[in-house]
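Each chain gets a letter, A, B and so on, in the order its sequence line appears, and its residues count up from 1. Quick caveat: nothing in here was measured; it's all calculated off a predicted structure.
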Amino acid sequence: MAKDDKKITPRDQDYAQWYLDVIREGDLAEPAEVVKGCMVIKPHGYALWEGMQGDLDRRFKATGHKNAYFPLLIPQSFIRKEAEHVEGFAPELAVVTHAGGKELEEPYVVRPTSETIIGHFFAKWISSYRDLPLLINQWANVMRWEKRTRMFLRTTEFLWQEGHTAHSTHEEAEVETRRMLDIYGDFAEEIMAMPVIKGEKTATERFAGALSTFSIEAFMQNAWALQAGTSHDLGQNFGKAFNVRFQNEQGNLDYVWQTSWGVSTRLVGALIMCHSDDIGLVLPPKLAPIHAVVVPIFRKAHERERVMEACTKLREELVAKGLTVELDDREGIKPGQKYYHWEARGVPVRVEIGPRDLDKGQVALKQRLEGSEREFVPMDQAVSRTLALMDEIQAEMFARALKRREDATVTVDSWDDFRDIFPEGKSKFVYAHWCGDPEVEKQIKEETGGVTIRNIPLDQPQEPGECIRSGRPSKQRVLFSRAY
RNA sequence: CGGGGCGUAGCGCAGCCUGGUUAGCGCGCCUGCUUUGGGAGCAGGAUGCCGGAGGUUCGAAUCCUCUCGCCCCGACCA
């Protein structure tokens, strides 16, 4: 195939098309075609989600949470019990009105999130302060009839986990809200190699029915932000709506303080847009379903024999060390094509073994990272070097992602400068002062064609200043960006 | 939901305006031989309810109506 026949549109040419190309060539997913706004997650893509699930699940359990499962269908009346919650979700509900050949007396909604039905059961399960805290997590699918969908980032049906906890004091619920935010932040940075900014959402962007909402915001390569995880302090709103009461140590009845928190298959989209390049997917070793691929190279039959023997042996040694390794022994395909095949799928390390290498007692190792060169290592160090590369690549991916973000992060103090950063579709991470008025926030969004406050970063110094738009006093800078 | 674009082979597309034999091209796929250190070559071959349903017509991928879905830009959101 000619060079100009590239299957992946370069990022700087058309970022949205690049994203779709990477998903297709990476064999991650495809549109469901026959079901609006839904997608089929293919094995390679689903493996990424499984990797995320596995690590997060361990972290949840290590902090005392237990998994449970609640029904997919929720009585419509439940959604209505919490005023803001209805208002927030009503437009995007899918409703089941018929079942068993009859019209239902009360329709069910397909869960958009489970606060309400879990609230109902919490009310049954909780009666004493001794029942608290109650720390529940659910791995599930949910459905939100969004106006516009994008693969992984916003599909009608998506997979997620939703944590739901009940506490006897607000303080304890606040600690829980922040603890889970930290877990999300650690996971994103340690496992996904994706730096994030933790902060509190403004009232405008708050979860429907929450007292406060926190998020981790990730930087995508087009300098847009992506909300990658949220944690909500629900106060007593759902406790009151579902009458979840407990008797405290003094014998008085009180409503529980609840939290909820979640991440979704959107993280797969985040992973793609954070790291991948014009060749295709780039995966951090800690999530890569395949850590290394061994590509044999030979011409003659006798070469084939000794090359395959060496490849098989190395593969076995790597597998014994806990890596998942593919040996690409497909016949009739040239090595170059195999390289592209595995690069598009994001395999972190490629091992090449040919007759010349065997003669020299070496193997060739190639990292998936952009700009990396082949390195030749002695055969007896192939395993240790490959293992070491896993850690090196993981760290390098984080470092590069962080650098990309920092290179696109600015502090701005004048409205003119601010506007200049955001011409049509352009973006950066901008730290600027904001007076706290939702009207001003809305005004900024309208005047810039979509720039929003991503969050109020937690680790920002309290530094007084003047609002970028209104000029009124501000306590600290907030993070502005275009966002998915 | 508003604006724009698009559904033709597994993928990417041409053909449609101006209706007319058997619907094409590239890649991929199958067979054989030659190949294999960055997307191999030659020869043969398979694959299409032209997104779906109506209509106009002697005749529809092509014209008309409706519908389903996808993509992009907005408003809504994980």
Discussion item. Nearest whole Å is fine: how far is C77(B) P from His85(A) NE2?
Written reply: 14 Å

Fill in: Whole-angstrom distance between G7(B) and A43(B), as gauged at atom C1'
35 Å

Worksheet item: Is Glu343(A) side chain donor-acceptor paired with the G38(B) base, going by distance under 3.5 Å alone?
Response: yes

Practice prompt. Do nucleotides 44-50 of chain B as a string where each nucleotide becomes B, S or -: B if the base has a protein heavy atom under 4.0 Å, S if just the sugar-phosphate does, - if no protein is that close.
Written response: -------

Worksheet item: So does Lys334(A) get a side-chain nitrogen or oxygen closer than 4.0 Å to the phosphate oxygens (OP1/OP2) of U35(B)?
Response: no

Worksheet item: When rounded to the nearest Å, what value does the distance between P atoms of U36(B) and G52(B) take?
Response: 46 Å

Item to complete: Taking the six-membered ring for Trp and the single ring otherwise, decide whether the centroids of Phe122(A) and Phe242(A) are under 6.0 Å apart.
Response: no

Worksheet entry | Lys147(A) side-chain N/O to C73(B) phosphate OP1/OP2 under 4.0 Å | no

Item to complete: For RNA chain B, find the residues of residues 263-273 of chain A with a heavy-atom distance under 4.0 Å and give them by number; none if there aren't any.
Response: Ser264(A), Arg266(A)

Worksheet entry | A40(B) OP1/OP2 closer than 4.0 Å to side-chain N/O of Gln337(A) | yes

Report each atom pair, protein N/O against N/O of nucleotides 67-71 of chain B, whose distance is under 3.5 angstrom.
residue : atom : partner  : partner atom : Å
G69(B)  : O2'  : Glu33(A) : O            : 3.4
C70(B)  : OP1  : Gly37(A) : N            : 2.6

Practice prompt. Tell me, please, which residues at least two apart from Glu157(A) pass side chain to side chain contact (heavy atoms under 4.5 Å, CB included).
Written response: Cys38(A), Asn141(A), Met143(A)

Worksheet item: Does Trp160(A) lie flat on the base of A78(B), that is, centres under 5.5 Å apart and planes under 30° off?
Response: no

Worksheet item: Is the cationic atom of Arg350(A) (NZ for Lys, CZ for Arg) positioned less than 6.0 Å from the six-membered ring centroid of Tyr339(A) and within 45 degrees of its normal?
Response: yes

Discussion item. What is the distance, to the nearest angstrom, from the CD atom on Glu370(A) to the C1' atom on G38(B)?
Written reply: 16 Å

Fill in: Interface residues of residues 345-360 of chain A with RNA chain B (non-hydrogen, below 4.0 angstrom)
Arg350(A), Glu352(A), Gly354(A), Pro355(A), Arg356(A), Asp357(A)

Practice prompt. To the nearest Å, give me how far apart CZ (Arg148(A)) and P (C1(B)) are.
Written response: 16 Å

Discussion item. Give the residues of residues 281-292 of chain A touching RNA chain B, defined as any heavy atom closer than 4.0 Å, sorted by residue number.
Written reply: none

Worksheet, complete the sentence: Winner on side-chain proximity to Arg24(A), out of C11(B), G37(B), G39(B), is C11(B)

Fill in: G38(B) base / Arg374(A) side chain donor-acceptor hit below 3.5 Å
yes

Worksheet item: Expressed in angstrom and rounded to an integer, what is the separation of Ile333(A) atom CD1 from G28(B) atom P?
Response: 10 Å

